[in-house]
Amino acid sequence: MKLKSKKTVFLLLFCMFSFFQSQEKKDSLYHKIEEFSNKRKAAKFLYRFVFRRTPDSVSIPTKNAFEVKQNFDGKTIRNIKIVTIDPFGNASNEVIENEKWYEKAGRRLHRNTKNSVVHNFLLFKEGEAYNAQKIYESERLLREQEFINRATISATENEEKSVDVEVKILDSWSLKPRGSFSGNRFGVGITEENVFGTGDTFEFIYRNNFKEKKNNFLSRYLATNLFGSYVNAEILGEKDYDKNERINFRADREFFSPLTRWAGGINLEYFKRNEPVIENFGQEKFHSEFVKVFHQDFWGGYQIPVFANDGQKISSNLVFSARFKNFGVLNAPSKELDPHDYFQSYNIFLGSVGYNQRKFSVQTNVFRYNLPEDIPYGKFLYFSGGFLRQSQLTYPYAAVSTGYSAFLKPGYFSFKMQYGSFLRKAENFRSNLTFDATYFSHLTDWKFAKARHFVAPSLIFSNQSFPSYEDRINLSSNADFPTYDYNFIGKNKLILRYQLQLYLKKTWKNFHFAPYFTAGTGWLSNDKNLFKAKTNLKAGIGVQIYNPFLVFNRFQISFMYYPQVPFDYKNDFDFNQYRNHHFPIHSFEMQKPEIVGMNSVQ
């Protein structure tokens, strides 16, 4: 680069620094920075890469509620127009004349979401009757995608008395660096959430334990909404610090909407790892076994709408589903080394029937600043039954699940409760009870901010004598105590969570700040009295930062502290691993039948 170009870039960076430091009004300063950047090609390229042409809320305004136009119901949809706006503020239908090389380079750094990808998420098509619920559900599905920042669908009546529909989306910046730090570990990686504009995701993460000189590698590819079928397929490979290996392939079509008729999936996983096998449960006496496992999981379901009202809005369904799972241990330990069948092959056959009511309320400033969020609420009741086949024995099984949520005067409240039991008493007879609840308040007006309080307890209670590998219960999920060893297990668990989310009223140089404080306590015990167990604590802070004039306009920073970690009993921390949306909210979506409490390590 020539000396003059270097000076130009230096002056632009100096002006950008002044933007964050000076007290001038934003409009005049933006204008000055843009004027300066127009003088040099390199400076203009850097400016276009950092700043948007207009605020993102100008491209697609924030809506506090979905504008339902019931008066269009029944009219024919004549045209569907799709407009994609890239993170720089350029619309897909916009013609840019005399585009320079550096402008083209800036646009090529981000591939716009293809129109066909957007079209595949729509639940309506040209030539069919307009349905307000299908319009809303399509908009909600688009908003849920990580590669989409904002989405809106509008309709207008044309001269033929039919309806023209415009679908408008604002792309997120999809290429994201990853970084975290925790005690004696650090992690780096990269995630592309919109590979070549297809909506697919590629991720590679590298972690290093520099104290023990160990490495962890994880890579995955997620194909989203294959061929418009609403099937998501993912392949994942991982090699952890202890050289344990895992390869997983899954393909799922969920009950993504009350309008969905069928769902199903397949999950294939192979792993080999050194696992501690319990010799005397409750006394932390283990020995290691090298095991290889290949398991297959298949399920399918169908739902039938009930109580559809005159407006053709469907929120309630009768749901039927079935599942088969084979957990195959390829080199099972001997009975002498594994007397309690911690690692043993088994087959599960399950079926369920139930009632599900699922609605959504469009809220803002729940987890994301100034963006609409679709919060699910409703109720459900499911009955499940089946059997487990293990060691040439058959154990009948029955379970019931229920849940309810609503927006009440104090705020949003939801709970989910499950109870399941094997009906034949044997050496490994077991039953499990789980309870999860979530509450968050309405936005309250403080002097300097708007605030929400979040509370979420979770309980798992079991009477099983010895858990199997799949029945492990621990505290190590990303939302709770991710720095804990996953081999810290028990039979009963209680977690109490609290989070305070603030949205500051004052901005700084057009930066909006949403700080949060989070804390939790957890108990994990083999005793019926959970409170006899050691109390596990965590506390942390974080901030969500948003600037509507920047291309990279939303990011989070967090810090979590754990006073005492099991096994080594030292304190630990992690930097930038927790996110405010890790706080649990039940989706009220019908899931595949399950053994209550199984896979409670997640």
Side-chain angles (χ1 to χ4, degrees), residues 278 281-284 399-405 411-421 429-441 453-500 517-540 560-567 569 571-572 574 577-578 580-587 591 594-602:
I278 304 170
F281 193 86
Q283 298 183 18
E284 296 186 351
V400 60
S401 303
T402 186
Y404 174 81
S405 69
Y412 171 87
F413 171 77
S414 75
F415 80 88
K416 175 184 177 182
M417 185 166 62
Q418 298 176 287
Y419 177 77
S421 178
F429 170 81
R430 59 189 184 271
S431 60
N432 292 312
L433 171 70
T434 69
F435 177 81
D436 298 278
T438 298
Y439 162 80
F440 66 76
S441 67
H453 300 275
F454 296 78
V455 179
S458 293
L459 170 70
I460 299 178
F461 190 81
S462 172
N463 73 345
Q464 58 183 317
S465 299
F466 300 98
S468 70
Y469 176 78
E470 290 276 273
D471 288 324
R472 295 175 304 162
I473 297 174
N474 65 22
L475 301 173
S476 304
S477 71
N478 288 333
D480 294 314
F481 297 84
T483 64
Y484 280 26
D485 193 311
Y486 64 85
N487 291 316
F488 176 55
I489 60 177
K491 293 193 297 181
N492 305 306
K493 176 172 78 170
L494 174 63
I495 297 178
L496 303 176
R497 311 174 186 88
Y498 170 76
Q499 187 163 294
L500 171 64
F517 166 77
T518 185
T521 58
W523 294 269
L524 188 65
S525 173
N526 299 312
D527 195 281
K528 290 184 178 180
N529 189 342
L530 272 166
F531 297 106
K532 287 184 179 180
K534 176 183 174 295
T535 301
N536 299 275
L537 301 172
K538 71 169 186 176
M560 298 294 297
Y561 176 71
Y562 310 89
Q564 196 174 68
V565 175
F567 298 144
Y569 302 105
N571 60 41
D572 202 354
D574 66 61
Q577 185 169 339
Y578 183 82
N580 66 335
H581 60 260
H582 284 170
F583 210 84
I585 289 186
H586 184 52
S587 69
Q591 307 290 335
E594 62 181 1
I595 302 294
V596 174
M598 185 170 279
N599 291 322
S600 296
V601 297
Q602 301 301 327

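Scanning all heavy atoms of the two residues, the minimum distance from L496 to P457 falls at CD2-CB, 3.7 Å. In terms of heavy atoms, L500 sits closest to Y498 at CB-OH, 3.5 Å. Heavy-atom minimum distance, A479 versus Y578: O-CE1, 3.9 Å. Contact detail for I473 and L524: the closest heavy-atom pair is O-CD1, 3.7 Å. A pairwise comparison of heavy atoms in F583 and A456 identifies CE2-CB, 3.5 Å as the closest pair.
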Subject >> Steps toward side-chain hydrogen bond (donor to acceptor under 3.5 Å, both in side chains) verdict (H453, Y439) >> reply: CA-CA 8 Å; H453 300 275; Y439 162 80; over 6 Å; no
**OP:** Give the intermediate values and the outcome of side-chain contact (heavy atoms from CB on, under 4.5 Å) for residues V596 and Y419.
**Re:** CA-CA 6 Å; V596 174; Y419 177 77; over 6 Å; no
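Between P566 and Y484, some side-chain heavy-atom pair lies under the 4.5 Å cut-off. With a 4.5 Å cut-off on side-chain heavy atoms, S405 and H586 do not count as touching. Contact of the L537 side chain with the T521 side chain is registered, since non-hydrogen atoms from C-beta on lie closer than 4.5 Å. Using a 4.5 Å cut-off on side-chain heavy atoms (C-beta onward), P584 and R497 make contact. Under the 4.5 Å side-chain criterion, counting only non-hydrogen atoms from C-beta, D572 is not in contact with D574. Side-chain contact between M417 and L433 is present, with at least one heavy-atom pair separated by less than 4.5 Å. Annotation: side chain of M560 is not in contact with side chain of Q577 (no heavy-atom distance under 4.5 Å).
With respect to S458, the side-chain hydrogen bond (donor to acceptor under 3.5 Å, both in side chains) criterion is satisfied by exactly one of D436, T438, T434: D436.
Distance check, rounded to the nearest 0.5 Å: CD1 of I595 to OG of S421 gives 10.0 Å. Residue N432 holds its CG atom at 7.5 Å from CG of N463, rounded to the nearest 0.5 Å. The distance from the NZ atom of K534 to the CH2 atom of W523 is 11.5 Å, given to the nearest 0.5 Å. Atom OG1 of T483 and atom CG of N478 lie 11.0 Å apart (nearest 0.5 Å). Rounding to the nearest 0.5 Å places NZ of K538 at 15.0 Å from OH of Y561.
With no hydrogens or angles considered, no side-chain donor-acceptor pair links Y562 and N536 at under 3.5 Å. Defined by atom type and a distance below 3.5 Å, a donor-acceptor pair is missing between the side-chain atoms of S525 and N492.
Between the side chain of D480 and the backbone N or O of L475 there is no donor-acceptor pair closer than 3.5 Å. The backbone N or O of A399 sits nowhere less than 3.5 Å from a side-chain atom of Q418 that would complete a donor-acceptor pair. A donor-acceptor distance shorter than 3.5 angstrom exists from the side chain of K493 to the backbone of N474, with no hydrogens or angles considered.
Ring-plane geometry between F415 and F435 is classed as parallel, the angle between the planes falling under 30 degrees on a 0 to 90 degree scale with a further cut at 60.
Side-chain rings of F454 and F440 approach one another, their centers coming within less than 6.0 Å.
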